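Since the structure comes first, as structure tokens, the remarks are kept for the end.
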Amino acid sequence: MRNRLNGKFSAFLTYYKPYKRVLAADLFFAFLASGVVLAYPLLVNKITGQAISPEGINSDMLLRISAVFMLLLAVEFISNFYITYWGHVMGAKMEFDMRNDLFQHLQKLSFSYYDNQKTGQLMSRITTDLFDVTELAHHGPEDVLISIVKIIGSLIILLRVNWMLTLTIAAVLPFMVVFTVRCNKLMKTAFRRNRERIADINAQIEDSLSGVRVVKSFANEDLEIRKFNVGNSRFVDSKRDSYRAMAVFHSGLGAFVSFITIVVVIAGAQFINMGGFDLPRLITFLLYINTLIEPVRRLINFTEQFQNGAAGFVRFREIMEISPDIMDSPKAEELRRAEGGVEFDNVSFRYADNLPYILRNVDLDVAPGEYAALVGASGVGKTTLCSLIPRFYEAAEGSVKLDGRDIREFTMKSLRNQIGIVQQDVYLFTGTVKDNIRYGKPEALDEEIVEAAKRANAHDFIMELPEGYDTDIGQRGVKLSGGQKQRLSIARVFLKNPPVLIFDEATSALDNESERIVQESFEKLAKNRTTFVIAHRLSTIKNAKRIIVLDGDGIAEQGTHEKLMELKGVYAKYYEISAPRLTAAQ
């Protein structure tokens, strides 16, 4: 456990490396500001003890001390300005680096990871958690340094003023330390629970708002409010626990501080009464008590800040320490341009070792440019089989080959650049029509985007939009119809121009006219490309040169529509069931 914590601490320190000069200057000015504060009570003592006397005021000395005061004030101002401005900038840049690292790492994780995660919780780790980390990164080192300098400096000066009175204060300090350590443990647990609960709330919000149309269509706003209130109440409960721990911590330390002040006043009065101690030194002593108490309060705030930041960084590292289950091999090569031949060699797949196989012993060879349709009941693995080609998932057994070579021999980026996917659930990003088409080729010129849209039968409807290609389509393309969104997704694949195409047919939810236009666009796209069609409407794949029928044991049948109908097997059964729907559609 200790080694693990040391590892996290070392990982945290690495983020200071690019900013070590800024950090060094920040600590220097923190040290300087602390020294200035320690000097103020000494100057006050000099004024009360020497510049002011029963005989009168020493104006020259008072003027010189005033000049020193002003100089120290200027030094304190410059020091605090640097600490506040550049220190915060350093913290913000460290937060930027951590957030970049986390987002890049999330991009490396496969579908298997996201299958078990909630988007809202991941968003919480990228935003809220890292904000607390940056506060710790900035304030942590300087708060500790300032506190150490002030505490040590104050104690040394206090010992010189009156060592007996100082030892009286020192007797109370061990009790403060024990109290602080015990409270810290309670606060750490409470703050970590807060992080988990706010992540749950974010997940609930993201889920509810993403499905707001479903919510409203079922008039279930009250249900969503009740679900949200449950999570919100749990968060309040966890905050209540943390506030209770903080209340004990702050009130307890406040009581210790007040007790020390009372002890000093009473003991100091006794020392004055006995002789050998005077009022100016008691005033100086009390001023240094305040100088001693201030860093204690700062350490109190730091402790709270540390618990928040440490909890956030631990959650940050939890994701960073997850190794991607699908990675490029050290010898992976760049794939320039594939011919498009795809082969499944005795492939089996399951989502986890403790789950049953989705696919078993699949052998399939699709030639370059061939059009292959996948048919089967829901859950037999049609989409999963196609997801193995771009390595969204990794085959548990066997191998997937492209142009005769195992796809694991290629880098994932270059492999996926050879594959175009038109998904069943079309995802369009917030932005303009042009932005979404350009996603297929980020460096594409406007002329290429227009050409891709024309080939996808999308240009005409785009030009009818209020701002044409610059029209904002809303989140997930909410301002477009299903057929329009499908054609945009096809346009960006046209722009990508890959040799291998996967079409998870999404025409079942479209009206007949939209289906006809989308199907026409797809046929243009599929020409001279190796194409896998996951068929939901058998009418769309009757003319396929090869229809592959999957069942629970793998490939049950394959052949043309006519051949499979003659077999009177699984496909013929599916076709007979869908025949009334086909007739109605026609």
Side-chain angles (χ1 to χ4, degrees), residues 111 340-353 355-402 404 406-407 419 421-425 500-508 519 522 526 529-583 585:
F111 283 7
V342 177
E343 179 185 353
F344 294 86
D345 185 3
N346 198 32
V347 168
S348 297
F349 175 80
R350 56 183 174 180
Y351 287 103
D353 293 339
L355 295 177
Y357 281 94
I358 304 296
L359 300 166
R360 288 195 68 94
N361 306 319
V362 175
D363 286 300
L364 179 64
D365 193 352
V366 178
E370 186 177 353
Y371 185 110
L374 300 177
V375 175
S378 296
V380 298
K382 303 184 295 293
T383 300
T384 301
L385 183 68
C386 290
S387 295
L388 297 177
I389 302 173
R391 292 186 72 191
F392 292 152
Y393 297 99
E394 199 84 286
E397 299 167 15
S399 61
V400 182
K401 298 178 180 178
L402 180 61
D406 193 315
I407 57 174
I419 302 167
I421 302 174
V422 180
Q423 297 173 322
Q424 180 178 2
D425 182 18
V500 178
L501 183 64
I502 298 170
F503 187 75
D504 193 349
E505 186 184 356
T507 58
S508 57
Q519 188 66 28
F522 172 68
R529 304 178 200 271
T530 306
T531 304
F532 292 84
V533 177
I534 299 170
H536 300 284
R537 284 188 178 181
L538 299 185
S539 61
T540 62
I541 49 94
K542 283 180 62 176
N543 297 326
K545 294 183 179 178
R546 182 152 45 143
I547 299 172
I548 300 155
V549 184
L550 298 178
D551 62 12
D553 296 322
I555 297 177
E557 305 168 350
Q558 54 180 311
T560 61
H561 169 76
E562 291 75 15
K563 179 181 177 181
L564 293 176
M565 290 299 292
E566 289 174 6
L567 288 176
K568 298 186 182 299
V570 179
Y571 177 81
K573 180 180 177 181
Y574 287 151
Y575 193 81
E576 288 171 4
I577 292 173
S578 65
R581 288 189 304 232
L582 295 176
T583 303

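Keep in mind that what you see is a predicted model, and the values were worked out from it rather than measured.
Here the shortest heavy-atom pairing between Leu374 and Cys386 reads CD1-SG, 3.4 Å. Counting all heavy atoms, side chain and backbone alike, Gly341 lies closest to Pro368 at N-CG, 3.6 Å. Between Arg360 and Ser348, the shortest heavy-atom contact is CA-OG, 3.5 Å. Taking all atoms of both residues into account, the shortest heavy-atom contact from Asn346 to Asp363 is N-OD1, 2.7 Å. Across all their heavy atoms, His561 and Tyr571 have their closest contact at ND1-OH, 2.8 Å. In this structure, Ile407 and Ile389 approach most closely via the heavy-atom pair CD1-O, 3.5 Å.
The closest side-chain heavy-atom distance from Leu385 to Leu359 is below 4.5 Å. Between Gln423 and Phe503 there is no side-chain heavy-atom pair separated by less than 4.5 Å. By the 4.5 Å heavy-atom criterion applied to side chains, Ile502 and Thr531 are not counted as neighbours. Annotation: side chain of Val347 is in contact with side chain of Leu388 (closest heavy-atom distance under 4.5 Å). The shortest side-chain heavy-atom distance between Pro390 and Ile421 falls under the 4.5 Å cut-off. The shortest side-chain heavy-atom distance between Ile419 and Leu501 does not fall under the 4.5 Å cut-off.
The side-chain contact (heavy atoms from CB on, under 4.5 Å) test applied to Arg546 returns Leu364, Val366, Glu370, Ile548, Gln558, not counting sequence neighbours. Residues satisfying the side-chain contact (heavy atoms from CB on, under 4.5 Å) criterion with Thr560, sequence neighbours excluded, are Glu562, Lys563. With sequence neighbours excluded, no residue forms a salt bridge (charged side-chain N to carboxylate O under 4.0 Å, His left out) with Glu566. The salt bridge (charged side-chain N to carboxylate O under 4.0 Å, His left out) test applied to Arg529 returns no partner, not counting sequence neighbours. With sequence neighbours excluded, the residues forming a ring-ring contact (aromatic ring centres under 6.0 Å, His included) with Phe392 are Phe111, listed by chain and number. Residues passing the side-chain contact (heavy atoms from CB on, under 4.5 Å) test with Ile358 are Phe349, Tyr351, Thr384, sequence neighbours excluded. With sequence neighbours excluded, the residues that form a side-chain hydrogen bond (donor to acceptor under 3.5 Å, both in side chains) with Arg391 are Glu394. Under the ring-ring contact (aromatic ring centres under 6.0 Å, His included) criterion, Phe532 pairs with no residue at all, not counting sequence neighbours. With sequence neighbours excluded, the residues that form a salt bridge (charged side-chain N to carboxylate O under 4.0 Å, His left out) with Asp345 are Lys401. A search for salt bridge (charged side-chain N to carboxylate O under 4.0 Å, His left out) contacts involving Asp406 returns Arg408, not counting sequence neighbours. Applying the side-chain contact (heavy atoms from CB on, under 4.5 Å) test to Thr383 and every residue at least two apart in sequence or in another chain returns Ser387, Asp504, Ile534.
Put simply, the side chain of Glu397 never gets that close to the backbone of Asn361: no donor and acceptor are under 3.5 Å apart. When atom types are taken as modelled, the side chain of Tyr574 and the backbone of Ala377 share a donor-acceptor pair closer than 3.5 angstrom. The closest donor-acceptor contact from the side chain of Thr530 to the backbone of Gly340 lies under 3.5 Å.
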